[in-house]
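Quick notes on the structure that follows.
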Amino acid sequence: MAKPDPANFTEEAASLPRALDYFRTMWRIRRFDETIDELFASGQVHGTTHLYIGEEAVAAGVIGELQAGDVITSTHRGHGHNIALGGDIRAMMAELLGRTTGYCAGRGGSMHIADQNLGNLGANGIVAGGVPIAVGAGLGFHLQGRAQVVVAFAGDGALNEGGFHEAANLAAIWKLPVVFVVENNQYGMSGSVHEMFALSHLADRAAAYGIPGLMVDGQDVFAVAETARYAILKARQGGGPSLIEAVTYRYKGHSKSDANRYRTREEIQNWRKRDPIERVRAHLEGEGVEAAALDAMVAEVRAEVAAALRFAEESPWPTPDTLLDAVWAPAEEGAD
Amino acid sequence: MEMTYAAAVRYALEQEMERDPRVFIMGEDIGVYGGAFGVTMGLVERFGKERVRDTPIAEEGIVGAGIGASLVGMRPIVEIQFSDFIMNAMDQVVNQAAKIHFMFGGRMHVPLVIRGPAGAGTGAAAQHSQSLEAWFHHVPGLKVVMPATPDDARGLLLAAIRDPNPVIMFEHKLLYKMKGEVEESGEALPLGQARIARPGRDATLVTYSFMVHRVLEAATLLAGEGWDIEVIDLRTIVPMDLATVTASVGRTGRLAVCHEAVGRGGIGGEIAARVWESEAFDFLDAPLLRITGLDTPVPYSPPLEQAFMPSVERIHDSVKSWLTREGAH
Ligand SMILES: Cc1ncc(C[n+]2csc(CCOP(=O)(O)OP(=O)(O)O)c2C)c(N)n1
């Protein structure tokens with residue numbers, strides 16, 4: 001088997017339509033989560049939410065490399081993954097508002113938004129809960145002889161859960177087509193990677209499983225894409241799993257109830273200077289795209305998210321009489 | 001002293017850490033963050049990082065580490081950030097902590113406390129809202145504490161820490177902000193002693209944790225309609241104060257149970273079975289009434305989540321139609 005060479009892909013990653021795609025996707029993620037932030041701040045939504053703002057390049061860069069039929073497992077911080085897959089932001093917004101038109105018919109909320117038709121096997125309220133499931137999907141593809149790949153998204157914190165270790169080892173010994181994408185946003189909830197790991201680079205964990213560990217600047221969507229493309233191609237060609245550590249940062253608190261006591265304002269400001277969206281914008285302007293054209297794109301995204309919110313607000317509330325039936329899959333769903 | 005339920009838990013932790021150098025706390029984000037619900041706020045500043053240990057997200061590891069530390073003479077308290085996540089630690093809880101004393105012929109014991117928030121009502125959905133007490137109730141060797149008031153949270157937690165056995169304390173999220181008078185003496189409250197929260201003649205309604213408050217509200221409404229309900233707050237599920245329940249049923253002749261947890265396989269069935277087996281059986285004038293969470297995962301959307309939990313209205317209506325049907329008047 002020919003070893004994929006990342007150098008071969010650099011040009012395509014940076015092509016203009018691709019870069020414009022990234023710009024739009026990342027803005028859709030950001031604007032969606034900004035809107036959610038506003039809704040929570042004004043008390044219009046109950047429960048909690050985990051915003052992806054600042055980390056958009058990871059979802060956009062990795063998911064841009066997937067093919068039809070590939071799948072992902074997502075996390076509690078999952079809105080960005082679903083949007084990058086091309087998810088319907090109206091159904092996402094409706095889920096957050098707990099309406100019948102939401103992805104989970106209002107039963108799941110912020111932490112469980114997932115478009116299965118686009119390959120999202122689930123966002124998860126349990127840290128690392130999706131990782132063994134991803135490995136199982138990889139096993140399924142292997143048994144079916146399908147050349148599909150699974151991406152398991154996980155936070156840095158998830159890397160310390162037992163389930164992560166067990167699953168990573170399974171993927172390694174069975175050479176399953178799984179790419180573990182660790183979104184190292186520097187913190188679990190408040191626990192920093194410096195306190196919670198005795199390693200400087202989380203990618204080094206890969207060595208313990210006997211799989212390649214790759215580290216990438218998670219604020220640079222082109223670099224993320226290039227790294228993901230390498231790992232995904234390798235997995236697709238039967239070369240087994242890899243672990244990518246994407247170094248990134250969450251601008252907002254862990255969830256809506258976070259007072260940011262464990263980090264400084266300066267630290268947040270410094271990361272904001274390396275904003276992943278601004279970076280793509282600078283690239284596009286460097287390629288000669290008019291600033292006005294980019295602004296128009298952003299305005300379009302804003303309008304789209306605003307329309308999604310209106311759609312959600314106008315959607316009906318679910319009624320409790322549907323609950324008991326919702327527990328069991330009907331017989332016909334299992335029939336062949 | 002008046003304080004919130006969350007502050008009362010903290011107060012007990014402080015008092016016991018002050019009194020007993022063997023006591024320490026471990027958990028996710030319990031240090032500067034103060035815990036997901038603020039229960040441990042300020043403790044790391046007071047007792048330092050050695051005794052208020054922030055841990056990685058590793059429930060099995062930290063519960064097991066609590067067991068090990070207890071075996072060599074410490075008194076660990078492990079906070080599980082949402083009690084749902086204890087699922088990740090089930091081997092250590094069920095196969096290890098619960099069994100060590102028995103299995104090793106009484107040569108070791110595990111004075112470990114595991115505590116964390118439980119329950120629905122905050123829009124946290126299926127994986128962050130469960131009431132799992134029945135699972136632990138089923139495992140011999142574990143004590144299960146479910147305080148409904150700030151002072152019970154304080155006094156029962158002190159008892160849990162001083163107990164030589166593994167004790168799990170579930171703190172309902174909707175109780176954390178509730179205020180109440182709290183004893184300052186540092187005296188523990190006994191595990192296994194129920195409280196008659198409201199005396200009454202027409203029926204015995206057994207409950208615990210957050211539901212105590214909804215049941216009391218419903219009982220007040222029912223009193224206005226001529227039904228006099230005795231409300232028993234169990235306070236601890238294991239050990240269970242059956243004597244208080246059977247004595248009450250002996251007086252009222254009717255037994256109802258209310259808990260937020262899913263009804264199927266719940267504590268309600270156990271209470272009923274025990275009353276059925278007891279001398280109080282001879283006094284029963286009516287079939288059992290159970291008012292519980294629905295047999296579903298906890299849903300997210302507010303109207304669904306509200307329907308999942310027994311509401312004051314549902315409790316009131318269920319009891320009323322039960323008593324009417326059974327001809328109590
Ligand atoms: C098993 C489990 N333990 C703890 C939690 C509570 N919790 C939710 S997110 C989180 C931090 C996760 O950190 P990380 O994996 O780095 O993801 P991030 O939030 O930084 O994206 C914690 C502790 C949980 N949801 N599940």
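Chain letters run A, B, ... following the sequence lines, proteins first and then strands; every chain starts at 1.
Chain A forms more heavy-atom pairs under 4.5 Å with one residue of S301(B), P303(B), A58(B), A307(B) than with any other, namely S301(B). Comparing E305(B), E59(B), Q306(B) by how many heavy-atom pairs each has under 4.5 Å with chain A, the most go to E59(B). Comparing I57(B), T55(B), L294(B) by how many heavy-atom pairs each has under 4.5 Å with chain A, the most go to I57(B). Annotation: maximal heavy-atom pairing with chain B below 4.5 Å, among G191(A), P318(A), G188(A), occurs at P318(A). When V45(A), T322(A), L96(A), T48(A) are compared by the number of non-hydrogen pairs under 4.5 Å with chain B, L96(A) comes out ahead.
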For the pair L304(B) and L323(A), evaluate side-chain contact (heavy atoms from CB on, under 4.5 Å) and give the outcome as yes or no after the intermediate values.
-> CA-CA 8 Å; L304(B) 302 182; L323(A) 274 179; 4.2 Å; yes
Please walk me through it: do H112(A) and Y300(B) pass ring pair (Phe, Tyr, Trp, His ring centres under 6.0 Å)?
-> CA-CA 10 Å; H112(A) 306 294; Y300(B) 164 72; 8.8 Å; no
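Note that the CG atom of D29(B) and the NE2 atom of H254(A) stand 7.5 Å from one another [nearest 0.5 Å]. Separation of atoms CD (E28(B)) and CE (M189(A)) is listed at 8.5 Å; rounding is to 0.5 Å.
Contact of D258(A) with chain B is made through backbone and side chain together, with heavy-atom distances under 4.5 Å. Residue S129(B) does not touch chain A at all, counting heavy-atom pairs closer than 4.5 Å. With a 4.5 Å cut-off on non-hydrogen atoms, T319(A) touches chain B through its backbone but not through its side chain.
Residues from residues 115-126 of chain B that place a non-hydrogen atom less than 4.5 Å from a non-hydrogen atom of chain A comprise T122(B), G123(B), A124(B), A125(B), given in numerical order. Proximity to chain A among residues 76-94 of chain B is limited to Q81(B), F85(B), N88(B), judged by heavy-atom separations below 4.5 angstrom. Residues of residues 38-54 of chain B lying under 4.5 angstrom from chain A, judged on non-hydrogen atoms, are M41(B), K49(B), D54(B) in numerical order. Close approach to chain B, defined as a heavy atom under 4.5 Å from one of its heavy atoms, is seen in G157(A), N160(A), E161(A) of residues 154-170 of chain A, taken by number.
The neighbour count for E313(B) CD, taken as heavy atoms of other residues, nucleotides or ligands under 6.0 Å away, does not exceed 12.
Annotation for S255(A) and Y33(B): closest pair OG-OH, 4.4 Å, computed over non-hydrogen atoms.
The shortest side-chain heavy-atom distance between P302(B) and W317(A) falls under the 4.5 Å cut-off.
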